Amino acid sequence: MADIKLYFSEELLSWFHIHKRTLPWRQNRDPYRVWVSEIMLQQTRVDTVIPYYERFMDRFPTVTALAEAPEAEVLKCWEGLGYYSRARNLQAGAREVVDNYNSVIPDDADAVAGLKGIGPYTRGAVMSIAFNRPEPAVDGNVMRVLSRYFCLEDDIAKPRTRIQLEHLAKSLIPEGAAGDFNQALMELGALVCTPKSPGCLTCPVMVHCQGRLVGKENVLPIKTKAKPPREERRLVALIEGSGSNVGKVLVRQRPETGLLAQMWELPHLLEEEVVQEGKAIKTGRGRKKKDTIIEESSAVMGLSASPDSGQMEQLGRGLAAETGLLIRPRHRWMEAEHIFSHIIWKLDVFLADFGFVLKEKEIQQMQYETLLQGGLVAAEQKAEYNNFETAPDQLFSGYAASETAASVSGPEQQEVPLPAGYRWIGPEDMRELAFPNVFLRILGNYWSERY
DNA sequence: TACACGTGGCG
DNA sequence: TCGCCAAGTGT
């Protein structure tokens with residue numbers, strides 16, 4: 001056993017010296033650079049990380065720079081990378097280093113482990129790569145490589161297995177070469193001992209690989225399957241501004257915690273299921289899965305005749321209840337799908353007009369009459385309009401299509417105070433605000449179609 | 001322990 | 001097409 005372990009460590013290290021890739025975070029051992037790279041690489045491929053890493057280090061070259069930056073800027077730099085709490089935790093960690101360690105990342109495993117966003121793996125990676133301390137850094141690669149080489153059949157999805165493998169990995173670290181050895185282990189997993197069809201024939205430790213000797217290189221490691229993601233159909237409002245907000249759309253910032261925390265998005269809500277005769281039926285129509293733009297022609301039909309009217313009403317009512325604002329979905333515009341690890345979003349995106357809120361009931365009535373007289377509300381849409389009269393809080397909306405707003409006499413349209421977190425933005429504002437990819441795609445479609 | 005937490009690439 | 005999975009952490 002001792003022979004097999006010694007062989008493994010020595011051969012692997014030799015192999016690494018020859019085959020290690022040139023990567024941006026391997027320019028030097030600056031603990032900050034190592035730290036940032038390790039956070040970005042969590043659950044994320046090398047090729048995906050590289051451009052983000054370059055940009056990030058360019059913008060935040062030091063712990064101090066990161067600590068002092070506005071959080072929104074950090075998030076924007078992370079836009080598209082996913083797992084956004086990593087970015088917030090990283091910055092929180094940077095601030096801890098500035099506040100508690102005189103802006104120097106401590107050469108101390110316990111101190112490093114205490115930083116936000118640093119768990120067992122990252123602690124080991126930073127301590128070994130940056131400080132060459134003999135700490136194990138066990139990630140998915142390492143668990144796979146060790147499971148195969150030592151023919152271990154424990155479920156690597158279980159935390160206990162990771163802890164056992166940490167002890168094993170630590171015992172393999174050659175004297176004075178912790179950083180290189182840990183990286184070699186991961187490099188082998190990434191380049192040779194891959195999840196599917198491992199390249200055993202080019203593997204530097206093949207001859208003593210216990211898993212392969214038993215013919216189990218393709219069944220190891222053992223890993224229980226993850227639960228399949230649940231499906232959510234969501235109604236999205238692409239609300240177009242009028243008056244002083246012409247050319248802009250209404251967006252909002254997500255809550256501080258949870259899914260896509262603090263990212264910006266289009267207003268949307270979970271579609272409620274309609275129950276009919278004992279079985280649940282979605283109000284939406286079955287459609288294609290990927291992003292699909294709905295042609296304008298299909299949307300011009302009368303609202304009451306539209307099969308989408310149920311969804312549009314739900315969207316209008318739901319947003320009114322949530323925000324106090326009234327919007328008027330006009331027609332289904334596109335569909336999009338977004339797959340998280342635990343949720344699948346099926347999005348129905350509706351173009352919508354913004355209805356400004358008036359306070360006095362008489363004014364509401366007067367305005368409504370004005371709109372009717374002006375022929376601005378088609379007869380067939382009247383029923384739809386009336387739906388708004390029973391909206392929560394008895395709010396009633398003037399029809400805020402730009403030409404309508406301009407023609408309404410009597411009480412001036414007031415600047416409607418937006419609820420906290422809501423904002424009108426144009427394309428140029430996308431440079432500052434961080435959006436998750438789904439909404440980047442939708443808004444990208446929108447701006448490109450419009451201009 | 002189990003789940004929340006993004007996104008893209010690949011066979 | 002689709003399931004798997006990638007340098008995990010926090011709760």
Side-chain angles (χ1 to χ4, degrees), chain A residues 20-21 23-26 34-53 75 78-90 92-93 112-126 128-130 136-145 155-163 165-166 169 179 182-191 193-198 218 221 223-230 232 254-255 257-263 265 288-290 337-345 434-441:
Chain A
K20 76 186 272 194
R21 290 169 290 181
L23 297 170
W25 45 89
R26 287 180 175 165
V34 172
W35 180 14
V36 172
S37 73
E38 291 302 337
I39 299 298
M40 284 193 174
L41 286 163
Q42 287 169 8
Q43 304 290 286
T44 312
R45 285 187 160 68
V46 166
D47 288 339
T48 305
V49 167
I50 290 174
Y52 281 91
Y53 183 78
L75 205 55
W78 210 273
E79 179 183 74
L81 240 199
Y83 285 133
Y84 299 99
S85 65
R86 290 184 297 173
R88 302 208 304 139
N89 288 338
L90 177 60
V112 166
L115 298 172
K116 204 77 102 262
I118 295 191
Y121 163 76
T122 308
R123 172 190 61 212
V126 171
S128 63
I129 298 171
V138 174
D139 68 346
N141 282 316
V142 175
M143 290 196 285
R144 183 173 60 255
V145 169
D155 183 356
I156 65 168
K158 300 204 177 300
R160 180 178 32 205
T161 303
R162 198 210 71 233
I163 292 174
L165 289 174
E166 280 175 347
N182 284 346
Q183 291 183 80
L185 218 35
M186 293 185 277
E187 198 84 335
L188 188 73
L191 300 180
C193 196
T194 48
K196 285 167 199 166
S197 53
N218 286 306
K223 187 178 183 182
T224 53
K225 293 185 191 107
K227 202 180 70 176
R230 68 176 182 275
E232 286 183 2
R254 294 180 60 87
T257 58
L259 183 66
L260 302 169
Q262 286 182 263
M263 304 286 286
E265 65 177 6
K288 292 175 185 168
K289 291 175 181 172
K290 256 300 187 182
E337 183 177 78
H338 191 63
I339 304 174
F340 302 92
S341 26
H342 56 310
I343 308 171
I344 298 179
W345 272 1
F435 287 84
N437 270 2
V438 218
F439 294 107
L440 285 178
R441 267 185 277 129

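Remember, it's a predicted structure, so these values are computed and weren't measured experimentally. We name chains A, B, ... by the order of the sequence lines, and we start the count at 1 in each one.
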Asks: Choosing from B/dA2, C/dG8, B/dG6, which nucleotide comes nearest the side chain of A/Lys158?
Replies: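 Minimum distance to the A/Lys158 side chain belongs to B/dA2.
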Asks: What is the nucleic acid contact for A/Arg26, judged by heavy atoms within less than 4.0 Å: base, sugar-phosphate only, or nothing?
Replies: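 If one applies the 4.0 Å heavy-atom cut-off, A/Arg26 turns out to touch a base.
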Asks: Of the candidate nucleotides C/dC5, C/dG8, C/dC4, which contains the atom at the shortest distance from the side chain of A/Pro195?
Replies: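 Among C/dC5, C/dG8, C/dC4, the one nearest the side chain of A/Pro195 is C/dC5.
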Asks: Using whole Å, report how far CD1 of A/Ile344 lies from P of C/dT1.
Replies: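 A/Ile344 atom CD1 is separated from C/dT1 atom P by 15 Å.
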Asks: Quick one: is B/dT7 close enough that its OP1 or OP2 comes under 4.0 Å of any side-chain N or O from A/Tyr84?
Replies: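 The answer is yes; a side-chain N or O of A/Tyr84 sits under 4.0 Å from OP1 or OP2.
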Asks: Measure NZ/A/Lys227 against C1'/C/dG3 and give the value in whole Å, please.
Replies: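 So the NZ-C1' distance, A/Lys227 to C/dG3, works out to 17 Å.
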Asks: So which nucleotide from B/dG6, C/dG8, C/dA6 ends up closest to the side chain of A/Gln42?
Replies: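 Nearest nucleotide to the side chain: C/dG8.
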Asks: With heavy atoms under 4.0 Å as the rule, sort A/Trp345 into base, sugar-phosphate or nothing.
Replies: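 Nothing, no heavy atom under 4.0 Å.
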Asks: For A/Asn89 and C/dT9, what is the distance between atoms CG and P respectively, to the nearest whole Å?
Replies: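 So the two atoms are 11 Å apart, to the nearest Å.
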Asks: Taking only side-chain nitrogens and oxygens of A/His342, does any of them come within less than 4.0 Å of OP1 or OP2 of B/dC3?
Replies: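 Answer no for this pair, as no side-chain N or O of A/His342 is under 4.0 Å from OP1 or OP2.
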Asks: Taking N or O atoms only and anything under 3.5 Å, show me the protein contacts with nucleotides 8-11 of chain B, one pair per line.
Replies:
| residue | atom | partner | partner atom | Å |
| --- | --- | --- | --- | --- |
| B/dG8 | OP1 | A/Asn437 | ND2 | 2.5 |
| B/dG8 | OP2 | A/Asn437 | ND2 | 3.3 |
| B/dG8 | N2 | A/Arg45 | NH1 | 2.4 |

Asks: Answer yes or no: is there a side-chain heavy-atom contact under 4.5 Å between A/Ile343 and A/Leu259?
Replies: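 SC-SC contact between A/Ile343 and A/Leu259 confirmed.
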Asks: Please tell me which of the listed nucleotides, B/dC5, C/dT9, B/dG6, lies nearest to the side chain of A/Ile343?
Replies: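 Per side-chain heavy atoms of A/Ile343, the pick is B/dC5.
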Asks: P atom, B/dG8 versus C/dT9: distance in rounded Å?
Replies: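 The answer is 22 Å between these two P atoms.
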Asks: For A/Ile118, answer base if it contacts any base atom (sugar-phosphate contacts may also be present), sugar-phosphate if it contacts only those atoms, and nothing otherwise; contact means non-hydrogen atoms under 4.0 Å.
Replies: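 Sugar-phosphate only.
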Asks: Any base atoms under 4.0 Å from A/Val46, or only sugar-phosphate, or nothing? Heavy atoms, all strands.
Replies: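 If one applies the 4.0 Å heavy-atom cut-off, A/Val46 turns out to touch a base.
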Asks: Do the side chains of A/Phe435 and A/Glu79 get nearer than 4.5 Å, heavy atoms only?
Replies: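 Side-chain contact under 4.5 Å: yes.
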Asks: I want to know whether A/Tyr53 and A/Trp25 have ring centres closer than 6.0 Å.
Replies: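 Yes: the rings meet the under 6.0 Å criterion.
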Asks: Using the C1' atoms only, state how far B/dT1 lies from C/dA6, rounded to an integer number of Å.
Replies: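 Straight-line distance between the two C1' atoms is 23 Å.
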Asks: State the CD1-CZ distance between A/Ile118 and A/Arg123, to the nearest 0.5 angstrom.
Replies: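 One finds 10.0 Å between CD1 of A/Ile118 and CZ of A/Arg123.
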Asks: Check whether any side-chain nitrogen or oxygen of A/Arg144 sits under 4.0 Å from OP1 or OP2 of C/dA6, and answer yes or no.
Replies: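 Answer yes for this pair, as a side-chain N or O of A/Arg144 is under 4.0 Å from OP1 or OP2.
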Asks: What is the distance, rounded to the nearest whole Å, between atom CD of A/Glu38 and atom C1' of C/dA6?
Replies: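 That distance rounds to 13 Å.
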Asks: Thinking salt bridges, do A/Arg21 and A/Glu187 make one under a 4.0 Å N-O criterion?
Replies: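 Answer for the salt bridge query: yes.
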Asks: Check every atom of C/dT9, B/dC5, B/dA2 against the side chain of A/Pro120 and return the nucleotide holding the closest atom.
Replies: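 Of the options given, the side chain of A/Pro120 lies nearest C/dT9.
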Asks: Roughly how many Å is it from CG in A/Asn218 to P in C/dC4, rounded to a whole number?
Replies: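 The distance from CG of A/Asn218 to P of C/dC4 comes to 16 Å, rounded to the nearest Å.
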Asks: I need the minimum non-hydrogen distance between A/Leu81 and A/Thr48, along with the two atoms involved.
Replies: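 Minimum heavy-atom separation between A/Leu81 and A/Thr48: CD2-CG2, 4.1 Å.
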Asks: If you assign A/Pro159 and A/Gly258 each to the DNA chain B nucleotide with the nearest heavy atom, which residue ends up on the more 5' nucleotide?
Replies: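 Of the two residues, A/Pro159 wins.
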Asks: Hey, does the side-chain of A/Tyr83 have a donor or acceptor N/O within less than 3.5 Å of a partner on the base of B/dG6?
Replies: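 By the distance-only test, yes, there is a pair.
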Asks: For A/Arg160 and B/dA2, what is the distance between atoms CZ and C1' respectively, to the nearest whole Å?
Replies: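 These atoms are roughly 14 Å apart.
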Asks: Using only side-chain N and O atoms of A/Thr122, determine if any of them is under 4.0 Å from OP1 or OP2 of C/dT9.
Replies: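 Looking at the OP1 and OP2 atoms of C/dT9, one of them is under 4.0 Å from a side-chain N or O of A/Thr122.
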Asks: Between A/Trp345 and A/Phe439, what is the ring plane arrangement, given parallel below 30°, perpendicular above 60°, and tilted in between?
Replies: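 Taking A/Phe439 first and then A/Trp345, their aromatic rings stand perpendicular (interplane angle over 60°).
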Asks: For A/Leu23, which contact category applies under a 4.0 Å heavy-atom criterion: base, sugar-phosphate, or nothing?
Replies: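 Here A/Leu23 touches the bases of the nucleic acid.
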Asks: Once you round it to whole Å, what is the distance between P of B/dC3 and CG of A/Leu259?
Replies: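 Going from CG in A/Leu259 over to P in B/dC3 covers 17 Å.
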Asks: Output yes when A/Glu38 and A/Arg86 qualify as a salt bridge under the 4.0 Å nitrogen-oxygen rule, no when they do not.
Replies: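 Answer for the salt bridge query: no.
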Asks: Rounded off to whole Å, could you give me the NZ-to-P distance for the A/Lys225 and C/dG3 pair?
Replies: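 Rounded to whole Å, this separation is 11 Å.
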Asks: Measuring only between side-chain heavy atoms, which start at C-beta, is A/Leu260 closer than 4.5 Å to A/Glu265?
Replies: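 When only atoms from C-beta onward are counted, A/Glu265 and A/Leu260 do not touch, as no gap falls below 4.5 Å.
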